[in-house]
2 protein chains.
Amino acid sequence: MAGKVTSLQVAARAGVSQSAVSRVFTPGASVSQKTAEKVRKAAEELGYRPNVLARAMVSGKSRIIGLVVAYLENYFYPEALEKLSNALQARGYHVLIFMASQNAGNLDDVMSEILDYQVDGIVIASVSLSSDVAERCQSAGVPVVLFNRSQDIEGITSISSDNVAGGRKVAEFLMAGGHRRIGYIAGWEGASTQRDREAGFTAALHDSGQQVFSREVGDFDTARAREAARAMFDKPADRRPDAVFVANDHMAFAVMDVLRFELGIAVPGEVSVVGYDDVPPAAWPAYNLTTVRQRANLMVGETVAALMDHIDTPQTARPRRVAIDGPLILRGSARSPIDKG
Amino acid sequence: MAGKVTSLQVAARAGVSQSAVSRVFTPGASVSQKTAEKVRKAAEELGYRPNVLARAMVSGKSRIIGLVVAYLENYFYPEALEKLSNALQARGYHVLIFMASQNAGNLDDVMSEILDYQVDGIVIASVSLSSDVAERCQSAGVPVVLFNRSQDIEGITSISSDNVAGGRKVAEFLMAGGHRRIGYIAGWEGASTQRDREAGFTAALHDSGQQVFSREVGDFDTARAREAARAMFDKPADRRPDAVFVANDHMAFAVMDVLRFELGIAVPGEVSVVGYDDVPPAAWPAYNLTTVRQRANLMVGETVAALMDHIDTPQTARPRRVAIDGPLILRGSARSPIDKG
DNA sequence: CCGTGATTTGCAAACGTATGCAATTTCTGC
DNA sequence: GCAGAAATTGCATACGTTTGCAAATCACGG
């Protein structure tokens with residue numbers, strides 16, 4: 001009933017020592033049936049629950065995972081966040097959120113704040129990491145997982161989709177559809193997702209003797225993507241692309257809107273558009289966007305598995321670099337090989 | 001450099017007592033310039049940062065705010081979450097996320113888990129609260145803010161938009177547009193947002209001698225909203241509504257897609273659609289949805305203000321019930337009064 | 001009924017910080 | 001240079017838990 005019930009009060013009421021109470025609430029500790037029952041009863045009556053923070057202090061494990069995320073405007077992230085939080089919750093962990101803007105200066109402060117909370121692990125979504133920050137976490141013994149970014153830092157686990165393969169698939173699909181002038185609208189150039197998607201895309205084009213017809217940068221931002229679309233498509237039909245790969249869905253929606261509603265260009269009639277992520281709105285009929293699926297479930301699963309591995313058995317855990325393959329989801333925003341003729 | 005640097009080590013290196021170190025990192029404590037400098041220098045060299053958890057234990061303030069959220073699929077919530085986290089971060093607090101599914105049984109467990117973390121406050125978004133859970137928080141001395149839900153529980157602060165007024169605005173706008181058969185697609189009926197929006201809407205209709213032409217329930221869910229749209233509109237033109245108010249944007253997109261792409265009904269040519277929330281996709285040209293704006297910035301501002309009030313001055317803080325008015329944003333999904341004729 | 005080993009229990013020392021109190025130092029005005 | 005006030009400092013305790021260790025209890029076969 002009272003504001004703060006401690007194990008000491010429970011112990012007094014149950015007529016046992018405080019240690020006994022602690023052991024009852026510590027799985028795998030040595031307690032007899034009888035005392036366990038007495039303690040549980042007393043705890044129930046007083047409304048006692050162990051103080052996680054006090055437990056964290058002495059055990060060194062806070063059961064908190066820090067999550068750094070740059071922006072939730074790209075709807076891939078809310079989805080991932082929801083799944084991640086649920087998966088961790090099921091294992092008794094919880095997510096402490098830290099917002100970081102793109103610029104890296106901020107990230108240092110944010111990482112310091114995270115470590116202040118004695119988190120058991122850190123997930124960094126959509127943000128790149130300087131190697132000295134990574135090192136600081138290493139030395140603090142806190143495992144770090146890069147989510148949706150890969151990076152060549154010694155000993156850092158990263159989980160992403162196979163962006164190179166995804167980019168290839170898009171190029172092959174568009175070429176198979178008979179497109180001859182294929183454009184690319186890039187994301188923020190500091191991002192590995194952007195880099196890898198483009199690399200796979202252009203490599204596949206080259207393999208078939210083609211090259212990118214035109215390229216603009218949209219920085220993963222709606223407004224910039226619109227400008228990029230105007231710059232790329234506000235020209236006569238024979239001097240603009242007949243297909244465009246946009247580095248993520250979030251920009252692809254903006255590009256489609258510019259094509260259809262500003263420039264009066266039919267999608268997919270005159271221009272095919274392909275995105276990346278397969279966020280929920282991609283399936284909405286108004287866009288019906290052909291796109292490469294990022295398998296959020298699998299990515300989250302790998303992330304959680306990596307974290308648990310490092311937390312539970314730090315001595316044997318090895319850093320992983322996982323790239324999960326995702327299928328190209330054929331919808332209606334791009335002419336497909338069968339309607340090619 | 002080492003894994004864990006404590007105030008004791010800093011004290012040793014700076015040649016002062018541990019208390020002195022503590023005071024240097026406690027704003028408003030009594031320390032001389034000289035020792036402050038010595039301590040800061042030593043702390044810098046050792047990479048010392050105070051342990052938030054240890055601090056929380058003795059001070060009783062964890063600087064953690066628990067956030068309960070049901071689902072992030074409605075894009076109003078990611079936006080609110082981002083703003084909330086940023087606002088709290090600026091004040092030295094951080095957000096610990098807890099996912100709760102709709103059913104209330106789960107919520108009890110979740111609330112218990114939250115309290116285990118000794119949070120300084122709790123924000124409950126989009127979930128209703130049983131009064132005994134509320135009472136438990138009260139007795140634990142943890143302030144609770146209901147975000148986007150209002151509820152008549154003694155002493156609980158709630159922040160929402162003025163859903164009744166918003167519902168009225170929609171009705172008045174549609175009637176002014178010359179619509180004669182106005183339908184309503186409801187959200188989940190357990191939600192106060194749903195109840196209030198519908199109440200304002202039907203009240204305004206009644207005031208003008210009209211009533212709801214037809215009503216379906218979409219439960220704030222995409223799939224259900226689609227079914228509702230089919231049930232309401234798959235009929236001859238004179239037996240279906242000429243306008244529909246959908247209880248939130250997330251459902252409104254689904255409804256528009258069914259109308260346009262399944263039933264071949266022009267929006268706004270044959271049917272006007274109005275939503276609620278003004279989430280980002282509402283402004284995307286493909287939907288261009290006329291909708292009532294929820295002013296997320298103001299709502300978050302009030303939420304943070306209420307929390308800080310209760311945390312900093314619990315003795316004078318009074319529970320508030322705030323309803324923030326939001327404008328009807330006129331876009332292209334509904335015929336407006338001027339094109340009435 | 002006793003001895004032995006296994007199980008259960010309590011004691012006490014941590015974990016890293018904040019803070020009341022008393023002792024010490026520094027400052028102020030004369 | 002000195003008394004007194006003000007500021008600073010260190011000591012020691014507390015926060016609520018876990019956990020190693022030793023004491024106590026238990027089960028059980030002889």
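Chain A is the first sequence line, chain B the second, and so forth, proteins listed ahead of strands; every chain is numbered from 1. Keep in mind it's a predicted model, so treat the numbers as computed, not measured.
- Under the 3.5 Å distance criterion, the side-chain polar atoms of B:E82 are matched with a main-chain donor or acceptor of A:L72.
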Report the C-alpha distance between B:S161 and B:Q294 in whole Å, list the side-chain angles of each, state the deciding distance to 0.1 Å, and finish with yes or no for side-chain hydrogen bond (donor to acceptor under 3.5 Å, both in side chains).
CA-CA 6 Å; B:S161 71; B:Q294 297 226 73; 2.6 Å; yes
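- Bounding nucleotides for the chain B contact on DNA chain C, 5' to 3', at a heavy-atom distance below 4.0 Å, are C:dG16 to C:dG20.
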Does the protein touch nucleotides 5-12 of chain D at the base, only the backbone, or not at all? Give it as B, S and - per nucleotide, heavy atoms under 4.0 Å.
---BBBBB
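- Not a single donor-acceptor pair under 3.5 Å links the side chain of B:R320 to the backbone N or O of B:I159.
- When rounded to the nearest whole Å, the span between NZ of A:K4 and P of D:dG16 equals 8 Å.
- Note: B:F220 and B:Y71 fail the aromatic proximity criterion, with ring centroids not under 6.0 Å apart.
- Base engagement by A:S22 is indicated by at least one non-hydrogen atom pair under 4.0 Å involving a base atom.
- A donor-acceptor contact shorter than 3.5 Å links the side chain of A:R63 to the backbone of A:G92.
- Atoms CG (A:N51) and C1' (D:dG16) sit 6 Å apart, rounded to a whole Å.
- A donor-acceptor contact shorter than 3.5 Å is absent between the side chain of A:D120 and the backbone of A:I65.
- Between the side chain of B:T303 and the backbone N or O of B:M299, at least one donor-acceptor pair lies under 3.5 Å.
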Yes or no on salt bridge (charged side-chain N to carboxylate O under 4.0 Å, His left out) for A:K41 and A:E45, after CA distance, side-chain angles and deciding distance?
CA-CA 6 Å; A:K41 178 155 172 295; A:E45 290 166 355; 3.2 Å; yes
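- In this entry the distance linking CZ of B:R55 with C1' of D:dA14 reads 17 Å, nearest Å.
- One can place CZ of A:F25 at 13 Å from C1' of D:dT17, the figure rounded to the nearest angstrom.
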